[in-house]
Amino acid sequence: MAYEEIVVKKPLPLIALPCLSVAAFLLFWEWIVVSGTVPSVLLAPPSQVFTVFMDKLGNPNPDGAILAVHAWTSLQEAFIGYSLSLLVGIPLGLAMGWFRIVEGLIRPIFELIRPIPPIAWIPLTVFWFGIGLTGKVFIIWIAGIVPCVINSYVGVRMTQPTLIQMARTYGATDWQIFHQLCIPSALPMVFGALQIALAYCWTNLVGAELLASDTGLGYLITMGGRLGRPDIVVLGMVCVGISGAILGFIIDCVERRLLAGIRR
Amino acid sequence: MGNNESHVKIRVNNLTKRFGDLTVLDKICFEIKTGELVAIVGPTGCGKTTFLNTLSKLMPATDGDILIDGEEASPRKHNISYVFQEPTCLPWRTVRENVAYGMEVKGIPKKERMERTDRIMELVGLSSCANLYPNQVSASMMQRIAVSRAFAVEPDLLLMDEPYGQLDVKLRYYLEDELISLWQKLKSTVLFVTHNIEEAVYVAERILVLSNKPTCVKAEITVDLERPRSFLDPQFMEIRHQVTELIRWW
Amino acid sequence: MGGSSIANETVGVSSGREGITFYQIITNTYLLYTVSLISFFLVWDRVAAWQVFGDSLARPHIVALKLYDLTQIKFAGTNLGGHIWASTQRVLIGFSLASFFAVPLGLFMALNRYANAIVKPIFDLFKPMPPIAWVSISILWFGVGEFSKIFIISIGTFVPCLLNSYNGIRLIEPELYDVIKVLGGSRKDEVVQVSFPASFPAIFAGLQISLSVAWTCLLAAELMNARDGMGFLIKRGMDTHQPSLVLGGMILIALMAWLSSLLISLMERKLCPWKRSIDNL
Amino acid sequence: MNTPSSEPQLKIYCEDINKTFIQKGHMEVPVIRNISLEVEENEFLVVLGPGQCGKSTLLRIIAGLETPDTGYVALDGFPVTGPGPDRGLVFQGYMLFAWNTVMGNVEMGLKLRGVPKQERRAVAHHYIRLVGLEGFENHYPHQLSGGMKQRVGIARAYANSPKVMLLDEPFGQLDAQTRMFMQHETSRIWEHEKRTVIFVTNNIDEALFLADRIVLMEGKLPGRIKKEYIVNLPRPRDHENPDLLELRALITSETELVL
């Protein structure tokens, strides 16, 4: 059917319901804590989380750093680890998809490392690099590399065989076919990896900070837990969630512009 | 029609291809002169595609050899172009870059490449959509791009595998005429594989009829009608009937 | 899908004659695999032996010995099998609990626009929040016992399961529903005969992803505090600076994660034999 | 549209059908402009037209999957209100149930109508043999070639014992050679199981080989019927037949070149 974008008028309730359900959820959350059905030591209502948010913007205690510092450390770690995993994972996956030798040498090692949950590396990184930036960047790097390699590998494998045969009859070398044919046709899959890798990096960053760190949003959550301050814990979780969403949004825009660029 | 009749461009002797103990191509021998347009027809499933894949060196032959100007054919030394049945264009390149792709791979200098591309796009009438992308043009347009790209490298041997099989009849007549005019102007040696006997008789100067598996050249029919040929002209019908009898399987 | 195999076959330019060439020998996959594995363990051994990271990287055979010892002696109350079972049990409970609810909910949201309008926005609120962020609050709520670990694992499993079953149905070609209509089927037939079977591959893809997330959440929970389990071994190795114990724990958890993922793909092959095996990782 | 139309022996009667789609950005795209069509019992009608000329939409309206803006469709005199088992539809993209075997696909129609297992297996077997797929009953669609998949599509439509068979460019995705073979198969199957057929295609040789009557559509949107041709040649037909070539030259001169 050539007219898939046929306009289907959205009935009114389908527009109103989402806002209603979110509002209801927040009100319910406020009500259960304020009314005492859930002791305030266990959960903080949204209003209290908001006040502590305003307070944390300026005052470093009780965990020793203002919110901006925590957020900045987390984002810094995430950015370095994420870009490193893209820089290493994508070319590696592309090469593995096309060159037999690269696949033969790299794939077994990749299959060995792949099932290990990235935060299992924390003890080793603490031994090797201490609890500073490098250790966390290493963990994020390992977390991000897996989806990059997989998507790039599958992207090259899905190159149209007739394109390759056409290039071969013109006498194109393996290398020519690789960078003129395989890489461009793998790009959509590679861009798909940007989102997945970001989610993996972000999840394992928080894990790493929870277990061994001195600043960062993950650390904020742990300190909140240790000090019995549920509002700080919830604040930490909400910040992690929001910054994750913002990063996702940014990557989405970058992806859309780049994809439009290659006219697929 | 073809210019220097004497010089043999392509010589194939006892080309054989076996998959395990199944013989698909069985000692195929034929010759094609420079600038000649030869059609290959055969019954359903007579290994035409395997035949083309071995000729274009996409697949190694089990035995026998394929000589271009007396030397063993190889994609790097010689210019071999292959137009597939489904249009193959690089979606991320514009129409002009697609037509120039063959020459780019061959390492032809940029200036000459651009000039040849413009010339051939003029001939085929693609200049108007030079900067469009393949997903913005129709399937028949994409096939014309593939044909232009094949001619642009001035090939020693141009192989075509049912290029117009999927198109409706009016388009096919138009593209067949376009192919013939390109061939006459650029004087390439063309091997045109089709199952449509009418198309073979319309396009070719000589028709090689393949037998059923194991495939060999069953017969050779020359078609020396002047151009442009008409489907209703009795001589045309006679040759067409002759070829059909050789292939009739239904 | 022939695509990938063809791309593979035409890698080497045909030399006109069949027969074994040098190029084909060195690109023989199995030869390369063995070379790569051997060199991996060799490098590991040399790096550990030359103390590149000081004494904090154990040599492979020491790790193997350590694992062997653990099977013999009782370590913190149970032997190795006990630790493995403790962790696997938590993952099994958390994973099956969460997927049992998430998959039907995802399917229901895809089929009923109103359910989708209610649940999707709240789900989108929690989607960007990594499951491990829940560790502290789950300790606050449920203490350090079994339940708080299972809670985190099920949170981690819930999101990918729901997302994949939801997308599984939305990506079905509309003409398949037309076929049912033309054959005289009702809306119910469309759902039963098309929506559910067609979404199976996506559901299994979701299960695979959430399984790997489940193992990550298990490890996070056990590393925070646990009295048994593979994460506990790693934590103990970290606290008492025994790299061989840490590496042993990592190898075990990798093995169990790989085995469980294998289990899921076997289940998939059994339940939907019709799915083509696409040659990818 | 209250009483059945006057001509009882007409199988399908379409009167003055119009259809316009509203695209995103609220652009109106007229697809069909007042088409009327009459199809007799067991007539093999071919709707011929280049790529985008509304012929598939016309078929979907007759199948009841789309409702026309104006005009109506009547089957055996009774107006068509929606899709139903009395009109079997074969899709260009096969649309087989990848998760069912060939047998599962063919007997789906009967299964939906609650026909007991034994009986529907017998019917399915009959049609699987008819389309020449014996021995492939337990294969899955991904193990079949394009031609075989389409034969399952045809068997599935036939097994539901429809009064009318609607085929929407069924061989559009097959390679040229298999397409020719499938034309012979369709003609053979139709000889065995005579039904009223509406066959949509852009390939003139296919139309001439199969049709009792050819309806030629305009080259561009909105789709209108340009001309009708009666093809009373003996079956099975032969592409070399001079009369057929004559008619072919006539129709070709009428069709427009759409590059």
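Order of the sequence lines sets the chain letters (A, B, ...), proteins ahead of strands, with each chain counted from 1. The basis for the numbers below is simple: all heavy atoms, side chains too, and nothing from hydrogens, waters or symmetry mates.
Between A/Trp175 and A/Phe99, the angle of the ring planes stays under 30°, which puts this pair in the parallel group of the 30/60° scheme. Under the 30°/60° scheme for interplanar angles, the aromatic rings of C/Phe232 and C/His83 are found to lie parallel.
Between chain C and the residues A/Val233, A/Thr162, A/Leu105, the largest count of heavy-atom pairs under 4.5 Å involves A/Leu105. Interface summary for chain C: among A/Leu217, A/Ile101, A/Val240, the most heavy-atom pairs under 4.5 angstrom belong to A/Ile101. Note: C/Pro130 leads C/Gly156, C/Pro130, C/Ser39 in heavy-atom pairs under 4.5 Å with chain A. Heavy-atom pairs under 4.5 Å with chain A peak, among C/Trp141, C/Phe40, C/Trp258, at C/Trp141. Contact count against chain C (heavy-atom pairs under 4.5 Å) is highest for A/Met237 among A/Met237, A/Arg226, A/Glu209. Annotation: maximal heavy-atom pairing with chain C below 4.5 Å, among A/Gly97, A/Ala199, A/Pro18, A/Gly225, occurs at A/Pro18. Chain C forms the most heavy-atom pairs under 4.5 Å with one residue out of A/Ile116, A/Ile119, A/Val206, and that residue is A/Ile119. Between chain A and the options C/Gly249, C/Pro243, C/Pro121, the largest number of non-hydrogen pairs under 4.5 Å is found for C/Pro121.
Atom CG of C/Leu262 and atom CG of C/Leu211 lie 11.0 Å apart (nearest 0.5 Å). To the nearest 0.5 Å, atom CD1 of residue C/Ile253 and atom CD1 of residue C/Ile84 are 10.5 Å apart. Atoms CG and OG, on C/Asn225 and C/Ser148 in that order, are 7.0 Å from each other to the nearest 0.5 Å.
No part of C/Ile251 comes within reach of chain A, as not one of its non-hydrogen atoms sits under 4.5 angstrom from that chain. Contacts of A/Val41 with chain C are made by backbone atoms alone, with heavy-atom separations under 4.5 Å and no side-chain atom involved. Heavy atoms closer than 4.5 Å to chain C are found in both the backbone and the side chain of A/Ala245. With a 4.5 Å cut-off on non-hydrogen atoms, C/Ile209 touches chain A through its side chain but not through its backbone. Interface remark: C/Ile139 contributes no atoms to any contact with chain A (heavy atom separation under 4.5 Å).
Test C/Lys235, C/Met250, C/Met238, C/Arg236 against C/Leu245 for side-chain contact (heavy atoms from CB on, under 4.5 Å) and you get one pass: C/Arg236.
Checked against a 6.0 Å centroid threshold, the rings of C/Phe126 and A/Phe25 count as neighbours.
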**Request:** Dump the intermediate steps for side chain to side chain contact (heavy atoms under 4.5 Å, CB included) on A/Leu92 and A/Tyr153, then the final yes or no.
**Result:** CA-CA 8 Å; A/Leu92 193 65; A/Tyr153 178 87; over 6 Å; no

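Of the N and O atoms on the side chains of C/Ser260 and C/Trp215, at least one donor lies less than 3.5 Å from an acceptor on the other residue.
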